[in-house]
2 protein chains.
Amino acid sequence: MSLQHALLGVLEARPMNGYELTRFFEAAPRWVWSAPHSQIYPTLRQMEQAGLIEGQKEIRGTKLTRTVYSITDRGLEELRAWTGTDHAAPPVRDAFFLQALFFDMIDQDRAASVLKTHLAEQEQLIAEWGAHRDALLAKDTDLLKERLKSRPPAEHDRIARLKAHVFAGQIAVARARADWARESLRILSEDT
Amino acid sequence: MSLQHALLGVLEARPMNGYELTRFFEAAPRWVWSAPHSQIYPTLRQMEQAGLIEGQKEIRGTKLTRTVYSITDRGLEELRAWTGTDHAAPPVRDAFFLQALFFDMIDQDRAASVLKTHLAEQEQLIAEWGAHRDALLAKDTDLLKERLKSRPPAEHDRIARLKAHVFAGQIAVARARADWARESLRILSEDT
DNA sequence: TACACCATGTAAGTGGTTACATGATTGA
DNA sequence: TCAATCATGTAACCACTTACATGGTGTA
């Protein structure tokens, strides 16, 4: 159900069509949820049926149509309710740590290469999320600016800080993984 | 495909039937992968067809049959190949951080309650993984003892340390999340 | 003899992946 | 006029969830 809430969360900032939302969710990282357009379009139609969002058909040029969706009051309510509810932790299922569990069965070189790739990926994420976090703190992202338009100016700082803080959380997790990978590389080579 | 490799990884220690494997994977946390029995039994049959494992039918009492699976050479090879391969990082999809992104839209009390629940869950995980890690270091888990029987004694320490280290990784991630949740609680109350 | 545990299944449904498919518009 | 981008879809497949279903065995 989370894709629906992720979509609601973006549409809360401003109305968008499927294509814009797709750019958001397909650009994989730099955010907290990802999804391909093949999942987004049907979900949007479902959500409209459920009354969470409202679609407005528009025409660009002479034939190309697009449907711009905006969040409804019911959608806002649903987003708030979901955000304020405790959800059971998802089952543990981490392919990378699973892989690492069997490092004793393979060459050190191979294991080291897997670790280095993971390390690079995590550092990439840290950099991207870091940039996004800074942009949020400076209130310098398209979406945040839109969002703040409908909030009292006195709250702008607080909102920006809260949003930025979420990315600090993702960064903290990625850093823990990166540090662990670095330590693992040390342990592997020590044993030689 | 990871469930298959998780199963191979357990069967590498010793042959087991579906029920035993289920106890392993359904007891949710305390390990790195989880799956219900409804997924495990069909997967085992698939893996047998693929030649990764071999089933041996046994009879307990007069009628109750069980199939004990053991890993084959092909299975071992597959596990080693998978373990030594770089796999693309899974798409970012973290429901908890998604929820946190919208904390500015709800009451501080509600947000704090969600954070506290998450904190408790993470601390639970840290405790369980910590216990498992200690047991591994002491070479005092059923599975590890079985596993070590087929390895040269000179390697026992190294293997135990590597396995334990994986749980240290999971703990590090959980701790990062717990610390972040604690910090978030501080930030929320500061703003009051 | 009743209860906890052993043992294994099926089936419907959901969320996500991957691939295929089509066509319009804009700007260099 | 060509390429990049805009815009939206369908369909097959896979992993996982949830619920339903059945019956045997050991022991208190």
Side-chain angles (χ1 to χ4, degrees), chain A residues 1-8 15-29 31-50 53 55-69 82 87-95 98, chain B residues 1-8 15-29 31-50 53 55-69 82 87-95 98:
Chain A
M1 296 263 83
S2 295
L3 173 56
Q4 299 205 10
H5 298 103
L7 289 165
L8 287 175
M16 284 192 195
N17 61 12
Y19 187 77
E20 279 182 285
L21 288 163
T22 295
R23 274 192 339 220
F24 229 92
F25 287 91
E26 254 178 9
W31 216 57
V32 300
W33 204 265
S34 85
H37 77 276
S38 64
Q39 205 187 353
I40 290 173
Y41 286 104
T43 301
L44 287 169
R45 292 195 300 264
Q46 245 176 266
M47 290 167 73
E48 187 175 22
Q49 289 249 309
I53 57 178
Q56 193 66 36
K57 285 217 163 68
E58 288 184 4
I59 296 184
R60 300 210 349 155
T62 51
K63 286 178 183 173
L64 193 58
T65 59
R66 64 174 169 187
T67 309
V68 178
Y69 293 97
W82 179 80
H87 304 290
V92 179
R93 210 171 276 139
D94 192 309
L98 182 64
Chain B
M1 296 262 85
S2 295
L3 173 56
Q4 300 205 9
H5 298 103
L7 289 166
L8 286 175
M16 283 191 195
N17 60 13
Y19 187 76
E20 279 182 286
L21 288 163
T22 295
R23 274 192 337 219
F24 227 91
F25 288 90
E26 254 177 10
W31 217 56
V32 300
W33 204 266
S34 84
H37 77 277
S38 64
Q39 205 188 351
I40 290 173
Y41 287 105
T43 302
L44 287 170
R45 291 194 301 263
Q46 243 177 268
M47 290 167 73
E48 187 174 22
Q49 288 250 309
I53 57 177
Q56 194 66 37
K57 285 217 163 67
E58 289 184 3
I59 297 185
R60 300 211 347 155
T62 51
K63 287 178 181 171
L64 193 59
T65 59
R66 63 175 170 189
T67 309
V68 177
Y69 293 97
W82 179 80
H87 304 290
V92 180
R93 209 170 277 137
D94 192 311
L98 182 64

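None of the values given here were measured: they were computed from a predicted structure. Reminder, nothing fancy here: chain letters follow the sequence lines and each chain counts from 1.
- As a whole-Å value, the separation of Ile40(A) CD1 from dT10(D) C1' is 16 Å.
- For Phe25(A) and dG15(C), the CZ to P distance is 15 Å, given to the nearest whole Å.
- The residue Thr67(A) sits close only to the backbone: its heavy atoms come under 4.0 Å of sugar-phosphate atoms, none of a base.
- Across the protein-nucleic acid pair, Leu21(B) atom CG and dT8(C) atom P stand 9 Å apart, rounded to whole Å.
- Using a 4.0 Å heavy-atom criterion, one finds that Ser38(B) contacts the bases of the nucleic acid, with or without backbone contacts as well.
- Closest-nucleotide positions on DNA chain C for Gln39(B) and Asn17(B) were compared, and the one nearer the 5' end corresponds to Asn17(B).
- Using a 4.0 Å heavy-atom criterion, one finds that Ser2(A) contacts no nucleic acid atom at all.
- Counting any heavy atom pair closer than 4.0 Å across all strands shown, Thr43(A) reaches no nucleic acid atom.
- At dG23(C), none of the side-chain N or O atoms of Arg66(A) fall inside 4.0 Å of OP1 or OP2 (strictly under the cut-off).
- Here the C1' atom of nucleotide dT25(C) and the CD atom of Glu58(A) are 15 Å apart, to the nearest Å.
- The side chain of Pro36(B) approaches dT17(D) more closely than any other nucleotide in the set dA7(C), dT17(D), dG23(C).
- Side chain of Gln4(B) to main chain of Met47(B): no donor-acceptor pair is present (N/O by atom type, distance under 3.5 Å, no hydrogens or angles).
- Listed pair Tyr19(B) / dC6(C) meets the phosphate criterion, a side-chain N or O lying under 4.0 Å from OP1 or OP2.
- In this structure, Ile59(B) atom CD1 and dC6(C) atom C1' are separated by 15 Å, rounded to whole Å.
- Distances shown here put every side-chain N or O of Thr62(A) at or beyond 4.0 Å from the OP1 or OP2 atom of dA24(C).
- Here the P atom of nucleotide dG15(C) and the CZ atom of Arg45(A) are 15 Å apart, to the nearest Å.
- Evaluation of the salt bridge (Lys or Arg N to Asp or Glu O under 4.0 Å) rule for Glu58(A) yields Arg66(A) as partners, not counting sequence neighbours.
- In terms of phosphate contacts, Arg60(A) brings no side-chain nitrogen or oxygen within less than 4.0 Å of OP1 or OP2 of dC6(D).
- Side chain of His37(B), nearest nucleotide from dT17(D), dT10(D), dG9(C): dG9(C).
- When the side-chain nitrogen and oxygen atoms of Arg23(B) are compared with OP1 and OP2 of dA7(C), none of them lie within a distance under 4.0 Å.
- Rounding to the nearest 0.5 Å gives a distance of 8.0 Å between CZ of Arg93(A) and CG of Leu3(B).
- Straight-line distance from the CD atom of Gln46(A) to the P atom of dT10(D): 12 Å, rounded to whole Å.
- Taking only side-chain nitrogens and oxygens, Tyr41(B) comes nearer than 4.0 Å to OP1 or OP2 of dT8(C).
- Taking the six-membered ring where tryptophan is involved, the planes of Phe25(B) and Trp31(B) are perpendicular, since the angle between them exceeds 60° and thus also 30°.
- Leu3(B) places its CG atom 13 Å from the C1' atom of dT17(D), with the value rounded to the nearest Å.
- Contact check, Arg93(B) against dT17(C): a side-chain N or O comes under 4.0 Å of OP1 or OP2.
- Residues Asn17(A) and Thr67(A) have side chains not in contact (no heavy-atom distance under 4.5 Å, counting atoms from C-beta outward).
- When each of Glu20(B) and Lys63(A) is assigned the nucleotide of DNA chain C with its nearest heavy atom, Glu20(B) is the one assigned upstream, toward the 5' end.
- Summarising the geometry, atom NE2 belonging to His37(A) is positioned 12.0 Å from atom OG1 belonging to Thr43(A); distances are rounded to the nearest 0.5 Å.
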